[in-house]
2 protein chains.
Amino acid sequence: MENYTHDIPTKILFGKGQIAHLPEILAGYGRRVLLCYGGGSIKKTGLYDEIMTLLKDFTVIECGGIEPNPRISSVERGAKLCREHNVDVILAAGGGSVIDCAKAIAVGTFYEGDLWEMVLTAREGRKALPLVDILTLSATGSEYDGGGVITNPETNEKLGGSYTYPAVSICDPTYTFTVSPYQTAAGSADIMSHVMEGYFAETTDSILSDGIAEALLKTVIKCLPVALKEPDNYAARASLMSASSIACSGIPEYGKKWSGWPCHALEHELSAWYDITHGAGLAILTPRWMRYVLAKDPEQVRPQLARFARNVWGLAGDDEMVLAEQGIAALEKFFADAGLPMTLTELGITDEHFAEMAVHADRGGRLSHSWIPLMPEDSEAILRMCL
Amino acid sequence: MENYTHDIPTKILFGKGQIAHLPEILAGYGRRVLLCYGGGSIKKTGLYDEIMTLLKDFTVIECGGIEPNPRISSVERGAKLCREHNVDVILAAGGGSVIDCAKAIAVGTFYEGDLWEMVLTAREGRKALPLVDILTLSATGSEYDGGGVITNPETNEKLGGSYTYPAVSICDPTYTFTVSPYQTAAGSADIMSHVMEGYFAETTDSILSDGIAEALLKTVIKCLPVALKEPDNYAARASLMSASSIACSGIPEYGKKWSGWPCHALEHELSAWYDITHGAGLAILTPRWMRYVLAKDPEQVRPQLARFARNVWGLAGDDEMVLAEQGIAALEKFFADAGLPMTLTELGITDEHFAEMAVHADRGGRLSHSWIPLMPEDSEAILRMCL
């Protein structure tokens with residue numbers, strides 16, 4: 001059992017109609033608000049109008065058009081707006097990409113120097129504008145953590161780092177009723193990946209963390225098919241939204257050694273080069289990573305995958321290797337049934353840049369020091385398995 | 001699924017040796033520290049000396065002798081010391097009783113008027129001194145919530161209320177190695193009760209909350225026997241300590257209707273009159289409450305107790321009533337095997353005050369509006385089942 005620090009200052013207002021509190025929350029910081037949003041879905045759903053009506057007594061400066069894999073140019077644009085307009089508080093309305101970008105803007109506003117350098121050296125504790133968000137997609141957990149992932153298309157880099165925690169996250173499941181089946185499934189794969197990345201790790205005596213991780217995975221397994229079938233099923237959407245926040249909070253891996261989050265490291269390479277949906281990339285990579293490390297180090301991996309098969313998928317049997325393989329197959333089938341792509345080929349990705357990606361994913365020794373160490377040749381092999 | 005607010009600003013430093021951070025944490029608030037502790041176990045274990053060595057550059061004002069069911073007189077004494085010595089920050093070293101009392105002292109320092117009146121009208125948001133704690137008993141969850149329970153022996157009242165959240169909780173499982181088997185078991189019963197009070201409730205579509213609740217219960221069921229057999233088993237003590245914090249945080253009941261926490265309402269009456277150990281009282285009451293409400297409203301209660309039997313105790317069967325009864329029996333056996341008393345008679349309690357307790361426990365309509373409503377005659381019957 002490893003030491004840990006739990007320090008999440010974010011207040012979550014969860015449930016229908018919580019947006020009514022928005023004016024009083026923002027007024028606590030000031031009257032000049034930077035509104036961050038994405039490609040305009042909040043205009044289609046009516047959320048934009050709802051916000052504007054609630055903020056009629058505020059000065060709202062808009063920063064729309066934030067990309068699904070948010071770019072450093074959007075961070076620069078937002079930070080410039082905050083400085084020019086003396087913004088008091090940032091309001092991010094959207095999914096993880098918008099919230100991630102808003103976090104980097106919050107810090108970037110005060111950062112002296114090149115903002116890509118800020119991303120390269122991202123760390124907690126830098127001065128930041130207060131951030132409030134309205135979550136519209138259950139996926140990244142950005143509403144309840146301090147991290148963000150920013151992309152630089154010029155260098156083909158997509159880098160995660162620590163910026164700032166939201167002061168308040170408004171989590172109303174009804175805002176996810178209009179999320180497409182594909183994005184719902186990809187978001188769920190992201191939630192599951194956040195849990196699985198911590199679940200498979202060296203330390204195995206964190207009983208509570210394992211139990212919470214399994215509860216999160218079983219929640220997604222139960223609720224995603226319901227949400228796909230009945231997009232406005234409140235309980236299913238609400239359970240996915242709660243799971244999103246807790247999955248990426250650190251709680252499911254408290255007491256465990258950091259595994260290195262290998263699938264995230266590899267997926268960030270894919271998104272950096274090909275701008276694919278993060279959750280879809282994770283759904284393709286995760287079962288392949290499982291098969292690869294099971295073959296590479298069966299002694300370490302087999303018991304953990306067997307536990308996964310038993311406790312998450314309810315499978316039974318005495319042969320741990322058979323169970324492990326059945327667990328992987330169950331995960332793969334679950335993603336396929338949810339309509340997610342199962343190969344990189346389907347996404348138009350070839351092996352052209354795999355060698356470069358494999359080297360870059362090990363930045364800082366992240367993969368070569370992960371739970372089951374992956375050298376660049378291992379990572380390249382995993383990427384090839386995804387074709 | 002009900003709306004909820006998650007707002008716990010407490011930072012937890014978890015694990016061996018985290019006390020090393022104490023001076024820098026306290027220095028953030030000032031140099032004048034009120035040290036709250038209980039009957040002196042921290043002197044026996046060496047924790048007192050460790051604190052005093054670390055705080056050699058601070059002015060430490062002592063407030064020892066806080067009772068296991070902390071009394072209003074201790075709150076008054078502590079608040080007086082804070083005012084007289086211009087205290088900057090309170091340090092509570094102990095279990096839930098010491099931390100609860102320190103919370104009331106933190107608010108009481110600024111409260112103008114009678115402090116029992118403050119207890120009677122306890123609510124969040126009152127001005128308070130900052131509070132740091134060092135947890136020495138896994139039980140109440142006071143290290144990660146804003147509540148406290150204060151007793152008035154003159155009026156035979158023991159009342160829970162909201163005071164203030166700890167700013168920082170230092171949770172080092174090694175400080176619980178010396179906790180007696182009896183207190184270890186009673187603390188575990190308290191943890192389980194916090195989970196079960198929320199688990200059995202009207203709302204049944206909070207899948208994630210139910211899963212987290214079951215993970216918490218299974219953690220205690222697995223780790224308490226280990227901690228009793230090997231008091232210095234770090235992983236077991238650490239799992240119980242993590243479970244303590246999360247059990248009472250609200251997380252296991254997010255999205256559920258408040259059940260009324262009936263066993264706590266009744267136990268507070270027992271402790272108020274007889275000063276018994278809170279967890280022991282809960283271990284006696286809970287199975288009786290289960291049997292009583294199962295008979296009173298089988299349609300509501302049977303499916304939930306059957307789920308408890310299946311998911312928590314791993315029992316199987318098709319007859320829900322049989323399963324429900326087996327689940328209650330499993331809980332009762334677990335408490336008995338841990339060495340907890342199984343009747344109030346063993347604690348020297350008679351039915352002398354039951355009628356009065358039953359009426360008082362319904363203060364504010366708490367029990368008559370609980371999940372399965374309990375009129376005073378119901379509560380009295382449950383208390384009689386405990387003899």
Side-chain angles (χ1 to χ4, degrees), chain A residues 1-18 21 143-144 167-169 171-173 203-223 226 233-247 249 251-252 254-255 311, chain B residues 1-18 21 143-144 167-169 171-173 203-223 226 233-247 249 251-252 254-255 311:
Chain A
M1 189 86 118
E2 304 291 308
N3 285 5
Y4 65 83
T5 300
H6 171 83
D7 189 16
I8 309 181
T10 305
K11 176 175 178 171
I12 294 177
L13 297 182
F14 190 97
K16 277 181 217 169
Q18 294 280 18
H21 299 286
E143 70 280 8
Y144 193 55
V168 182
S169 291
C171 299
D172 182 338
T203 325
T204 55
D205 61 358
S206 292
I207 296 167
L208 181 59
S209 297
D210 286 340
I212 290 175
E214 289 159 3
L216 285 159
L217 292 172
K218 285 190 285 186
T219 297
V220 178
I221 291 164
K222 194 158 179 182
C223 295
V226 178
N233 184 304
Y234 185 80
R237 292 288 194 180
S239 294
L240 291 174
M241 195 169 249
S242 296
S244 158
S245 304
I246 298 181
S249 65
I251 294 174
Y254 282 161
N311 296 355
Chain B
M1 190 85 119
E2 303 292 309
N3 285 4
Y4 65 82
T5 300
H6 171 84
D7 188 16
I8 309 182
T10 305
K11 174 175 178 171
I12 294 177
L13 298 182
F14 190 98
K16 278 180 214 169
Q18 295 279 19
H21 299 286
E143 70 279 8
Y144 193 54
V168 183
S169 291
C171 299
D172 181 339
T203 325
T204 54
D205 61 358
S206 292
I207 296 167
L208 181 58
S209 297
D210 285 340
I212 291 176
E214 289 159 3
L216 284 160
L217 292 172
K218 286 191 284 186
T219 297
V220 178
I221 291 165
K222 194 160 179 181
C223 295
V226 178
N233 184 304
Y234 185 80
R237 292 289 194 180
S239 294
L240 291 174
M241 194 170 249
S242 297
S244 157
S245 304
I246 298 180
S249 66
I251 294 173
Y254 281 161
N311 296 356

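Here is how names work: the chains are called A, B, and so on, in the same order as the sequence lines, proteins then strands, and each is numbered from 1. All heavy atoms count here, side chains included; hydrogens, waters and symmetry mates do not.
No option in A/Leu216, A/Ile246, A/Ile251, A/Leu208 other than A/Ile246 meets the side chain to side chain contact (heavy atoms under 4.5 Å, CB included) test with B/Ile212. Results of the side chain to side chain contact (heavy atoms under 4.5 Å, CB included) test with A/His6 over B/Thr10, B/Leu13, B/Ile12 single out B/Ile12 as the only residue that passes.
Between chain A and the options B/Thr5, B/Asp172, B/Val168, heavy-atom pairs under 4.5 Å are most frequent for B/Thr5. When each of B/Cys171, B/Pro9, B/Gly15 is checked for heavy-atom pairs under 4.5 Å with chain A, B/Gly15 comes out on top. When each of B/Ala238, B/Pro173, B/Cys223 is checked for heavy-atom pairs under 4.5 Å with chain A, B/Ala238 comes out on top.
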Q.
Using the rule given for side-chain contact (heavy atoms from CB on, under 4.5 Å), can you reason through A/Ser242 versus B/Tyr4, listing the C-alpha separation, both sets of side-chain angles and the distance that settles it, and then say yes or no?
A. CA-CA 11 Å; A/Ser242 296; B/Tyr4 65 82; 3.3 Å; yes

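At a 4.5 Å heavy-atom cutoff, the contact between B/Tyr234 and chain A is made by side-chain atoms alone. Looking at A/Gln18, only its side chain comes within 4.5 Å of chain B, counting heavy atoms on both sides. Looking at B/Tyr254, there are no atoms closer than 4.5 Å to chain A (heavy atoms on both sides), in backbone or side chain. For chain A, the nearby part of B/Lys222 is the side chain; its heavy atoms alone come within less than 4.5 Å.
The minimum heavy-atom distance linking A/Ala215 with B/Gly211 is given by the pair CB-C, 3.5 Å.
Distance check, rounded to the nearest 0.5 Å: CG of B/Asp210 to NZ of A/Lys218 gives 11.0 Å. Taking CZ of B/Arg237 as the start and CE of A/Met1 as the end, the distance is 13.0 Å to the nearest 0.5 Å.
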